[in-house]
Amino acid sequence: MQNCLFCKIIKGEIPSTKVYEDEFVYAFLDIEPQAPFHAVIVPKIHIKSADEINTENSMYIAKIFEAVAKIAKQENLENGYRVVNNCGADGGQTVGHIHFHLLARRNLQWPPG
Ligand code: 5GP
Ligand code: ZN
């Protein structure tokens, strides 16, 4: 989608530090990391938010979680990690292309703020 920041990152029009890529998924380091390891994982199709997941596109969400498991092994995150999806204004979503944060390498508090 035109004028979507993460579509531009996927296409390489905006530079990013790649962590993982396959046919369905692209993962890159967050520009403002909230943990010593903080990757953003996005589907290679434009889905606006979790609200727009449906039967046609949900396979991409499964692929994201397959990627999480691969990245965790690749990055040796054996101590654990957190996967976060922010949806909509109250959820704290600032980029309108669905994405999952993969946070690791610090003791993450629960509940979140
Ligand atoms: P949200 O707040 O929508 O859940 O997450 C958006 C994330 O994208 C934020 O953590 C923010 O730091 C990250 N981000 C925004 N713009 C860029 C960018 O240009 N490059 C990278 N690598 N991350 C970005
Ligand atoms: Zn997009």
Side-chain angles (χ1 to χ4, degrees):
M1 179 186 253
Q2 267 185 348
N3 289 326
C4 169
L5 176 67
F6 288 168
C7 282
K8 287 180 181 168
I9 285 180
I10 292 163
K11 285 189 263 177
E13 293 172 8
I14 292 173
S16 64
T17 304
K18 179 162 82 172
V19 170
Y20 173 83
E21 182 173 19
D22 63 31
E23 188 185 345
F24 306 99
V25 165
Y26 186 68
F28 53 97
L29 293 181
D30 198 291
I31 206 167
E32 218 176 294
Q34 302 301 315
F37 181 83
H38 184 174
V40 177
I41 311 171
V42 299
K44 284 187 171 177
I45 57 164
H46 185 87
I47 301 169
K48 190 172 150 207
S49 74
D51 257 357
E52 293 198 351
I53 299 170
N54 56 40
T55 311
E56 273 72 52
N57 63 27
S58 61
M59 180 266 284
Y60 280 85
I61 308 305
K63 291 293 179 187
I64 281 171
F65 278 85
E66 286 183 40
V68 166
K70 287 177 189 169
I71 295 166
K73 287 180 187 73
Q74 175 188 300
E75 303 293 331
N76 301 310
L77 305 180
E78 58 279 328
N79 251 12
Y81 50 85
R82 183 171 294 164
V83 180
V84 175
N85 169 252
N86 297 326
C87 180
D90 278 1
Q93 184 175 4
T94 60
V95 179
H97 179 130
I98 193 170
H99 51 279
F100 292 78
H101 300 263
L102 175 54
L103 302 146
R105 296 210 183 103
R106 76 171 165 85
N107 187 244
L108 296 153
Q109 300 304 300
W110 190 263

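What you see is a predicted model, and the numbers here were worked out from it, not measured in a lab. Counting convention: from 1, in listed order, for ligands and their atoms alike.
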Q) Closest approach of I9 and S16, non-hydrogen atoms and distance? A) CG2-OG, 3.6 Å
Q.
When you compare the side chain of H97 with that of I10, does any pair of heavy atoms fall below 4.5 Å?
A. yes
Q | Minimum-distance N/O/S atom that H97 presents toward the Zn ion (ligand 2) | A | ND1
Q: In sequence, state the C-alpha distance, the side-chain angles, and the governing distance for Y20 and I41, and then conclude on side-chain contact (heavy atoms from CB on, under 4.5 Å).
A: CA-CA 9 Å; Y20 173 83; I41 311 171; over 6 Å; no
Q. Do the ring planes of H99 and F6 sit parallel (below 30°), tilted (30 to 60°) or perpendicular (above 60°)?
A. perpendicular
(Q) For a side-chain contact (heavy atoms from CB on, under 4.5 Å) check, start with the C-alpha distance between I98 and Y60, then their side-chain angles and the critical distance, and finish with the verdict. (A) CA-CA 11 Å; I98 193 170; Y60 280 85; over 6 Å; no
Q) Does any non-hydrogen side-chain atom of E21 lie less than 4.5 Å from one of Y26? A) yes
Q | Within the 4.0 Å heavy-atom sphere of ligand 1, strictly under, residues | A | L5, F6, I9, F28, L29, D30, I31, E32, N86, G92, Q93, T94, V95, H99, H101
Q | Where the Zn ion (ligand 2) is the vertex, angle from H46 ND1 to C7 SG to 10° | A | 110°
Q | Heavy-atom side-chain contact between I64 and F24 under 4.5 Å | A | no
